[in-house]
Structures are given as C-alpha cells and as structure tokens.
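Letters go in sequence order (proteins before strands), and every chain restarts at 1.
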Protein chains: 2
Amino acid sequence: MKNLNLFRFVPFRMNRLAAEISAALSVEYRDRYGLDIPEWRVIATLGFRETPCTAQFVSESTHTHKSTISRAVSTLIERGIVERVENKVDRREYSLRLTREGRRLYLSLIPRLKRREAEILSCLTEAELRQFELLLGKLESGLSLPTGNAPAASVARSDAVAKDQARG
Amino acid sequence: MKNLNLFRFVPFRMNRLAAEISAALSVEYRDRYGLDIPEWRVIATLGFRETPCTAQFVSESTHTHKSTISRAVSTLIERGIVERVENKVDRREYSLRLTREGRRLYLSLIPRLKRREAEILSCLTEAELRQFELLLGKLESGLSLPTGNAPAASVARSDAVAKDQARG
DNA sequence: GTCTGATAGTTTCACTTGCAACTATCTTAG
DNA sequence: CTAAGATAGTTGCAAGTGAAACTATCAGAC
C-alpha cells in the first residue's frame with residue numbers, strides 16, 4: 001500500500017494520545033497549583049527520590065532540555081517549593097530538594113494525578129494495562145530512554161560513563 | 001504507596017516516548033523536506049483521503065489547533081504543495097488538496113516514514129505490535145479521539161452532531 | 001429585505017521552548 | 001603555577017503555538 005493512514009500511524013497516534021493525556025492531567029497541576037509540565041517534572045523527580053539531585057539529573061532523567069529545567073527550578077525556588085543546596089566539592093552544581101512546603105504540595109498532588117491516570121486507563125482491563133506497560137517499557141528500552149531500572153549512574157553520569165567506555 | 005515513580009507514570013512515559021519518536025521521524029520530513037509537524041499532518045491527511053477536505057477537517061481529525069493548521073496551509077500553498085479549491089456553495093471555507101508536486105512529495109515521504117516507524121517498533125514482536133495497536137485504539141476511543149473508524153461525518157461535523165444530540 | 005447569531009479561516013499577541021552563547025567552575029596537561 | 005578544555009547552569013534570542021480578537025460569509029428570525 002502506497003498510502004499512509006494517519007490513524008494507523010503509530011507516531012501520530014502516540015503524539016495525539018500524549019497531548020490528550022497531558023491536557024487531562026494539567027487540570028490538576030496547572031489549574032489547581034499553577035504548575036506547568038517542566039515544573040511538575042522537577043517536583044516529581046525530587047519528590048520520588050529520597051536523595052537530593054542536580055538540575056542535570058532532572059534534565060536527563062525526564063528528557064527535558066536543561067534550559068527548560070533551569071527556568072522551572074528558578075520559578076519553584078521563588079515560590080518556595082524547591083531549594084538549592086550548595087555543593088562544597090563542585091561549586092558549579094547545586095543539589096535540589098523540595099522544601100517542606102514543596103513536599104506537602106507533592107504529597108497532595110500525587111493522589112490526584114494517580115486518580116486521573118487511573119481514569120484515563122480505565123478503558124483497559126487489568127491484564128491489558130500490565131501488557132501496555134510492558135510494551136511501553138520495551139519501546140523505551142528500544143529508544144534508549146531512561147526507565148528507572150538501570151543503575152542511577154547511567155542517568156546521573158551518562159557522560160562520565162561514555163568517557164569511561166571510550167577509554168576502556 | 002504515597003510516592004509516585006515518574007518512570008512508572010503512564011502520562012509521563014507517553015509524553016516522553018511521543019517526543020522521542022517525533023524526533024526520530026523529523027529527520028525525514030524536516031531535515032529532508034523542510035516540513036514541520038503541522039505541515040506534515042496536513043499533507044498526510046490530504047494525501048490519504050481521496051476527496052479534498054477543509055482546513056477544519058484537518059484540524060479536527062489531527063487534533064491540531066485551527067490557527068496552527070491555517071499557518072501550515074499558508075506555507076504549503078506558497079511552496080506549491082497544496083492548493084485551495086473555492087467552495088461555491090459556502091464561500092467561507094475552501095477545500096484543500098495536494099498539487100501534483102504535493103502528491104509526489106507525499107508518495108516519496110511515505111516509504112521513508114514507514115521505514116522509520118518500523119525501525120522504532122522493531123523491538124516488538126508481530127504479536128506485541130498488534131496488541132500495542134489494539135491498546136492504543138482502546139485508549140483513543142476512551143479519550144474520544146478520532147480513530148478513522150467512525151463515519152467521516154463524526155469528525156467533519158462534530159459540532160453539528162453535538163447540536164443534534166442536544167436537540168434530541 | 002434587515003438583524004442576529006453562528007461558522008471558516010486569519011491574524012495579533014503573549015507565552016513557552018530549544019538553541020546557542022555566556023559565566024563560573026573544575027580538571028588535566030605541561 | 002598557567003593554559004586549554006570540559007562541564008553545570010543561566011540567559012538572550014528566534015521560532016512555534018494557543019487563545020482571543022477579527023474578517024468574511026452564511027443561516028435563521030422576523
């Protein structure tokens with residue numbers, strides 16, 4: 001077939017689905033808390049990890065441009081949601097962590113977002129959902145996206161790893 | 001669990017995957033043909049359908065804002081890829097269709113994009129791929145996105161349908 | 001016929017974002 | 001030590017995009 005049915009074209013479908021799902025979720029973090037997606041990603045990353053982490057870690061693990069993360073962090077600091085912790089060893093970088101208020105916001109946001117996610121996925125059975133998540137994981141691995149399964153170093157220090165590999 | 005693992009959060013994963021897939025595909029339509037996503041969507045919609053259709057149809061079926069489609073169409077007309085056909089009955093709207101050159105571009109783009117899509121999906125088995133497409137379809141239906149299965153009227157005239165339903 | 005409201009498409013404006021250039025800091029070679 | 005290059009993060013700028021205002025046209029009420 002020489003034609004291409006856009007409705008059967010996976011890249012288009014993924015784009016559209018992602019946009020639609022984002023829109024559904026933004027009701028929670030944007031309308032309710034005045035957060036945009038990059039800001040939410042910073043909060044989610046810091047909130048989930050127990051240890052503080054750098055802007056670069058957030059940028060790489062969420063696959064978001066570092067300038068976008070930089071601006072999101074600035075806003076969150078102004079709002080008292082995130083704070084910088086100076087790194088005495090390397091003063092170029094800062095560790096980021098949620099403030100007490102930031103953590104409160106994070107904890108109140110989580111159940112809302114999970115509920116939205118469940119709503120969106122409610123058209124799938126339990127088995128279908130597990131299958132879907134499995135397939136997403138395969139695609140992520142195939143595209144070399146961080147999955148959270150790999151050792152933290154592979155995200156936090158991808159450049160260093162690359163250098164090591166080049167040396168070895 | 002009070003925490004939320006971003007790497008297990010489907011909305012985030014969909015967003016990231018869609019962005020990554022788009023980036024992989026853009027090599028073909030952007031680097032090679034100087035097209036952006038909205039322009040490609042217009043071409044794909046006009047190319048697939050045998051009958052000319054309006055800007056609004058493209059906008060609704062691809063779920064892209066009408067001003068974005070308007071700008072894409074303008075560019076494509078300037079480039080001689082798309083042409084407007086005046087509608088004698090309703091002069092507010094135009095039918096759009098690919099020019100001869102536009103169709104040539106479309107036909108040369110299709111195999112490239114299909115090859116890219118196949119590459120991206122090559123980490124899935126045949127059965128997994130079928131399953132994945134099935135699940136995407138379920139999610140699309142669940143979110144009321146056009147799937148190409150419904151009668152064309154439901155996309156071309158969604159407002160009219162809504163009005164009818166409200167009346168009935 | 002005119003008036004009102006709806007609709008297709010365009011344009012203006014404000015905002016977001018990615019790229020590239022920049023600053024400050026660190027590391028390595030000599 | 002200094003010089004050169006790499007790196008973390010910031011910022012200026014240009015391009016893209018959505019919302020809303022706008023233009024032109026149509027449909028219906030009267």
Side-chain angles (χ1 to χ4, degrees), chain A residues 15 19-20 22-23 26 30-31 34-42 52-78 82 84-96 155-164 166-167, chain B residues 15 19-20 22-23 26 29-30 34-42 52-78 82 84-96 155-164 166-167:
Chain A
N15 241 310
E20 194 67 13
S22 284
S26 74
R30 194 190 61 208
D31 298 359
L35 298 168
D36 61 20
I37 288 185
E39 286 159 12
W40 148 243
R41 286 183 177 178
V42 171
C53 49
T54 65
Q56 180 156 40
F57 177 86
V58 177
S59 168
E60 290 180 7
S61 67
T62 64
H63 236 233
T64 308
H65 198 276
K66 63 176 181 169
S67 62
T68 303
I69 295 297
S70 171
R71 284 184 270 251
V73 168
S74 297
T75 305
L76 292 172
I77 289 174
E78 273 174 32
V82 163
R84 261 197 263 265
V85 184
E86 210 178 312
N87 181 344
K88 300 291 184 189
V89 179
D90 185 340
R91 269 162 37 212
R92 287 172 304 181
E93 68 178 30
Y94 302 89
S95 281
L96 301 170
V155 170
R157 290 291 162 91
S158 60
D159 45 272
V161 170
K163 216 192 288 173
D164 283 342
R167 278 199 201 119
Chain B
N15 241 310
E20 194 68 12
S22 284
S26 74
Y29 53 71
R30 195 190 60 209
L35 299 168
D36 62 19
I37 288 186
E39 287 159 11
W40 149 243
R41 286 183 177 178
V42 171
C53 50
T54 66
Q56 180 157 39
F57 176 86
V58 177
S59 168
E60 289 181 6
S61 66
T62 64
H63 237 233
T64 308
H65 198 277
K66 64 176 181 170
S67 61
T68 303
I69 295 297
S70 172
R71 284 183 272 250
V73 168
S74 296
T75 306
L76 292 172
I77 288 174
E78 274 175 31
V82 164
R84 261 196 262 264
V85 184
E86 209 177 312
N87 182 343
K88 300 291 184 189
V89 179
D90 186 340
R91 269 164 36 213
R92 287 173 304 180
E93 69 180 27
Y94 302 90
S95 281
L96 301 169
V155 171
R157 291 290 163 90
S158 60
D159 46 86
V161 171
K163 216 190 291 173
D164 284 341
R167 279 197 202 121

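- In this structure, B/Arg30 atom CZ and D/dG16 atom P are separated by 11 Å, rounded to whole Å.
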Under 3.5 Å between N/O atoms: give me all the protein pairs with nucleotides 10-17 of chain C, atom names plus distance.
| unit_1 | atom_1 | unit_2 | atom_2 | d |
| --- | --- | --- | --- | --- |
| C/dT10 | OP1 | B/Arg84 | NH1 | 2.8 |
| C/dT10 | OP2 | B/Ser70 | OG | 2.6 |
| C/dT10 | O5' | B/Ser70 | OG | 3.3 |
| C/dT12 | O4 | B/Arg71 | NH1 | 3.2 |

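- Here D/dT7 presents its C1' atom at 8 Å from CD of A/Gln56, a figure rounded to the nearest Å.
- Judged by atom type and distance alone, A/Arg92 reaches the base of D/dT7 through a side-chain donor-acceptor pair under 3.5 Å.
- Whole-Å rounding puts the A/Glu78 CD to D/dT10 C1' distance at 14 Å.
- Not counting sequence neighbours, the partners of B/Ser22 by the side chain to side chain contact (heavy atoms under 4.5 Å, CB included) test are A/Asn15, B/Ile37.
- Legend: residues meeting side chain to side chain contact (heavy atoms under 4.5 Å, CB included) with A/His63, ordered by chain and number and at least two apart, are A/Leu145, A/Pro146, B/Arg16, B/Glu20.
- Remark: A/Arg92 engages A/Asp90 in a salt bridge (Lys or Arg N to Asp or Glu O under 4.0 Å) (not counting sequence neighbours).
- Rounded to an integer number of Å, the gap from A/Phe57 CZ to D/dG9 P is 12 Å.
- Regarding A/Asn87, its CG atom lies at a distance of 19 Å from the P atom of C/dA24, rounded to whole Å.
- Residues that satisfy the side chain to side chain contact (heavy atoms under 4.5 Å, CB included) test with B/Ser95, not counting sequence neighbours, are B/Pro52, B/Val85.
- Here B/Val58 lies out of heavy-atom contact (under 4.0 Å) with every strand.
- We find that CG of B/Asp90 is positioned 12 Å from P of C/dT7, with the value rounded to whole Å.
- Separating the CD atom of B/Glu86 from the C1' atom of C/dA8 is a distance of 13 Å, rounded to the nearest angstrom.
- Note that the CD atom of A/Glu60 and the NZ atom of A/Lys66 stand 10.5 Å from one another [nearest 0.5 Å].
- Shown here are the side-chain hydrogen bond (donor to acceptor under 3.5 Å, both in side chains) partners of B/Asn87, two or more places apart in sequence or in another chain: B/Glu93.
- Per the geometry, CZ belonging to A/Arg91 stands 12 Å off P belonging to C/dT27, to the nearest Å.
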